[in-house]
Amino acid sequence: MRVRNLPLSSAYTEHFVENGIRELYPPQAAAVDAGVCEGSNVVAAIPTASGKTFIAQLALLTADGPGLYVCPLRALAREKYEAFASLPDLEVGISTGDFDASGEALAGNDIIVATSEKIDSAIRNGASWVDELACVVVDEVHLLDADRRGPTLEVTVATLRRQNPDIQVVALSATVDNPDAIAAWLDATLIQSTWRPVDLRTGVAVGGSIDFDDGTTREIPLDGPARKGGNGGDGDGSDDGGSDLDDTDVTAALVANTVAEGGQCLAFVRSRAEAVSLAQRLAADGLAEQMGIEAAAAAAGDEAAAVDGTVTGHQLADCLRSGVAFHHAGLRSGHRTVVESAFRDRDVACICATPTLAAGVNVPARRVVVRDQKRYTGSAMEWLPTLEVHQMCGRAGRPGLDPHGEAVLVGESDSRDELVERYVDGEPEAVESTLSDPASLRTHVLSAIATGFAETESEILDVFEGTFYAREAGAGGLADAVGDTVDDLVAAGMVRRETAGGVGDYRIVATPVGETTSRQYVRPETGERVVDGLRTAAVMPNATTLTAFELICDTPDMQDTYLGNEERAEMYRFARANSGALTTGMRETDDFEGWLESVKTARILDEWIEGATVEELVEAYRIGPGDLDSRVERAEWLLSAAQALADTIGVSVPSVPRARSRL
DNA sequence: AGTCACTTATTTTAGACAGCATGTC
DNA sequence: CTAAAATAAGTGACT
């Protein structure tokens, strides 16, 4: 199927042809056959980089009215926004928490790109443009099963369809086990394919040999680092070849081999610290020289060093100068940008990364090495979900640049079979709804009431009727849970039951606090905690900015900050010394550890507005520079929510605006 | 006393969405 | 029901 034959205006077909898109990829053609251009609902469960964006564009450009593109990450939203904005004669808007580029209103745009939370928020705040949409594209729908965020996505999609029954829905998913269930939910035609523009083969490496899924085997030269010069005693010939090399040695050999063949590599590891240490180890291998990119690598290093003076920044700069990099959420966005763009420009041989890179912006490499397949989950070490490993592997192979992509899982001889079974031959997990999680229900039930969509339990159930959960489990499955949830919300002061005339006849309405909580987009538990804190703070003789910070940090909407053993005693002293400025007494909390972590976060933020530098805070509190940035960003949001709540309950806590203005 | 090789105990562990109102030459 | 790696601290032989 050719682009020229598509029902698009010539301006668009020309644009696509100019960009080298003439012939449709098979999955794209299948989408056209399924009617994406005629307003049909379509679910495409296809690999990354097999042309999803184009399918989205077809739907949006042929839709009979404004379109919406929903995606899970801000960085992704930016990427798509730019892709759409480059199309001729098109008004494109973007709306994410950190970025708005659409003039005063989103109404009037042909295409709007936004995160799912932002759409949810727009609906709660009664944005009118939402009702005029003719088409919505949901990217990465498999995120439906993510905690917290999945329910938001499904409720948002359900609400959009309820408000707007004729809306065309196009959903793009990674390969999952039950795409048919998603398609059934959306009344859509399912397009399923494993086709990729670049071949991908996946294998398991044990020692220096890789067994691929296509039956081929490769030997990788292990110019192994000097083996420990001990006697022959320790390496008593346990397993097959080269068994005294550990996973990191194998990983290094795989990276070196990729570079020797002129490719780039992504290496996935378990933790931030290991991403850094792997990068530092690879930095000693002279990869920059081998690729002949010394000058560009040095420039990238300087760029990274210019971001800040933190230890992390220096480490990254040093690695970059040697042609390698690391990437994880503790990096500031400036660091990440340098790493990502240097890699795309081929000025970096290898990125050692945590899963940030698996689902984030597009950074394809010839080879992907997954060194660690297990991760600590809070109680034990668990295998990574197959879906996640597949997403990492899917980054292998740059269309048009690499002959094929290679994904290699590093294992031991005794784990080989398990790795093959689980990740090479294994099917990805099925997507399951998490809407029944009580915390999510509280949020969305409150929202349904506050927006006026529902006034009774049964109307709440109606709102949820269009969700993936209801489709899979039946809406009745939520009936009891919804009743309990309303009781919870009544107890929290978010809603109340109002008797209306007849006996047992009542309607549920949001209290002013509940309304503000929903509009400010904080969780009900946060709203409740903040209201309590504000009332306490209002009568405190010496409330300070620390008070304001403690109030917002001791909520589930603020991420907690790891409190090391070493620090704990000191933090305890700090809390005691400042107990007069804290809204919670030391003995009042039933989660002392959690509260102490909040105090740590509050303390960091308080020092931040007192003028402490990133370098000092990162050093003193052992957090990544990116962690500080994200906490500051959240604090801004939560303080503004706190201010709004203070206004609705008519309480004045001057330290809140004071803290806010100094962030 | 100081150094070094080695053993044992302790510590730590991925990621990332949201509000709101303006003013940059 | 399940972990693993890095680092800190401790131990002991030897100079």
*Asks:* Any chance you could measure Thr96(A), atom OG1, to Arg78(A), atom CZ, to the nearest 0.5 Å?
*Replies:*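 The distance works out to 7.0 Å.
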
*Asks:* Parallel, tilted or perpendicular for Phe592(A) and Trp595(A), by the 30°/60° rule?
*Replies:*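 Tilted: the ring planes of Phe592(A) and Trp595(A) meet at 30° to 60°.
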
*Asks:* Go through Asp120(A) and Thr152(A) one step at a time and tell me if the side-chain hydrogen bond (donor to acceptor under 3.5 Å, both in side chains) criterion holds.
*Replies:* CA-CA 7 Å; Asp120(A) 187 23; Thr152(A) 302; 4.6 Å; no

*Asks:* Figure out the CG/P separation between Leu384(A) and dG15(B), and round it to whole Å.
*Replies:*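 For the pair Leu384(A) CG and dG15(B) P, the rounded distance is 13 Å.
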
*Asks:* What contact category does Leu73(A) fall into here, base, sugar-phosphate, or nothing, at under 4.0 angstrom with non-hydrogen atoms?
*Replies:*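 If one applies the 4.0 Å heavy-atom cut-off, Leu73(A) turns out to touch the sugar-phosphate alone, with no base involved.
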
*Asks:* Classify every nucleotide of nucleotides 18-25 of chain B by which part a protein heavy atom approaches to under 4.0 Å, writing B for the base, S for the sugar-phosphate alone and - for neither, in 5'-to-3' order.
*Replies:* BBS-----

*Asks:* Begin from the C-alpha positions of Leu419(A) and Arg416(A) and carry the test side-chain contact (heavy atoms from CB on, under 4.5 Å) through to its verdict.
*Replies:* CA-CA 5 Å; Leu419(A) 290 179; Arg416(A) 166 181 265 145; 5.9 Å; no

*Asks:* I need the CZ-P distance between Arg149(A) and dC17(B), as an integer number of Å.
*Replies:*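 Atom CZ in Arg149(A) sits about 6 Å away from atom P in dC17(B).
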
*Asks:* Rounded to whole Å, please give me the gap between CG in Asp372(A) and C1' in dA3(C).
*Replies:*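 About 12 Å, once rounded to whole Å.
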
*Asks:* Taking atom OG1 of Thr561(A) and atom CG of Leu628(A), what is their separation to the nearest 0.5 Å?
*Replies:*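 Rounded to the nearest 0.5 Å, the OG1-CG separation comes out at 9.5 Å.
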
*Asks:* Rounded to whole Å, please give me the gap between CD in Glu274(A) and P in dA3(C).
*Replies:*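 For the pair Glu274(A) CD and dA3(C) P, the rounded distance is 16 Å.
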
*Asks:* Measure from CG on Asp247(A) to P on dA6(C) and round the result to the nearest Å.
*Replies:*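 It works out to 11 Å between those atoms.
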
*Asks:* Kindly give the heavy-atom pair with the smallest separation between Gln559(A) and Ser630(A), and that separation in Å.
*Replies:*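 Looking at all heavy atoms of both residues, the shortest contact is NE2-OG, 3.5 Å.
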
*Asks:* Would you kindly give the CZ-to-C1' distance between Arg78(A) and dC17(B), to the nearest whole Å?
*Replies:*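 Going from Arg78(A) (CZ) to dC17(B) (C1'), I get 16 Å.
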
*Asks:* Rounded to the nearest 0.5 Å, how far does NZ of Lys118(A) lie from CD1 of Ile123(A)?
*Replies:*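 Ile123(A) atom CD1 to Lys118(A) atom NZ measures 13.0 Å (nearest 0.5 Å).
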
*Asks:* Could you grab the distance from atom CG of Asp308(A) to atom NE2 of His335(A), nearest 0.5 Å is fine?
*Replies:*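 The distance works out to 4.0 Å.
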
*Asks:* Out of curiosity, Gln373(A) CD to Leu384(A) CG, how far, rounded to the nearest 0.5 Å?
*Replies:*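 The distance works out to 7.5 Å.
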
*Asks:* To the nearest Å, how far apart are Arg281(A) CZ and dA6(C) C1'?
*Replies:*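 Whole-Å distance recorded here is 15 Å.
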
*Asks:* What is the base-pairing partner of dA16(B), counting Watson-Crick and G-U wobble geometry with both distances under 3.5 Å?
*Replies:*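 The base-pairing partner of dA16(B), which may sit in any strand shown, does not exist here.
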
*Asks:* Pairing of DNA chain C as dot-bracket, 5' to 3': ( ) intra-strand, [ ] crossing, | other strand, . unpaired, with Watson-Crick or G-U pairs under 3.5 Å?
*Replies:* ..|||||||||||||

*Asks:* Got a sec: does the CD of Glu432(A) have more than 12 other heavy atoms crowding it under 6.0 Å?
*Replies:*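 Open.
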
*Asks:* If I pick the C1' atom on dA3(C) and the same atom on dA14(B), what distance separates them, to the nearest angstrom?
*Replies:*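 So the two C1' atoms sit 16 Å from each other.
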
*Asks:* When you compare the side chain of Phe549(A) with that of Met558(A), does any pair of heavy atoms fall below 4.5 Å?
*Replies:*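 No; the side chains remain at least 4.5 Å from each other.
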
*Asks:* Nearest 0.5 angstrom please: Ser598(A) OG to Glu593(A) CD, how far?
*Replies:*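 So the OG of Ser598(A) and the CD of Glu593(A) are separated by 11.0 Å.
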
*Asks:* Find every protein N or O atom lying less than 3.5 Å from an N or O atom of nucleotides 9-14 of chain B, and list the pairs.
*Replies:*
unit_1, atom_1, unit_2, atom_2, d
dT11(B), OP1, Asn565(A), ND2, 3.4
dT11(B), OP2, Asn565(A), ND2, 3.0
dT11(B), O5', Asn565(A), ND2, 3.4
dT12(B), OP1, Arg622(A), NH1, 3.2
dT12(B), OP1, Arg622(A), NH2, 2.7
dT12(B), OP2, Tyr562(A), OH, 3.2
dT12(B), OP2, Asn565(A), N, 3.2
dT12(B), O5', Tyr562(A), OH, 3.4
dA14(B), OP1, Arg272(A), N, 2.9
dA14(B), N1, Arg375(A), NH2, 3.4

*Asks:* Take the protein atom CD of Glu412(A) and the nucleotide atom P of dA3(C), then report the distance between them rounded to whole Å.
*Replies:*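 Atom CD in Glu412(A) sits about 16 Å away from atom P in dA3(C).
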
*Asks:* With both distances under 3.5 Å as the test, what is the Watson-Crick or G-U wobble partner of dG23(B)?
*Replies:*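 With both distances under 3.5 Å required, dG23(B) matches none.
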
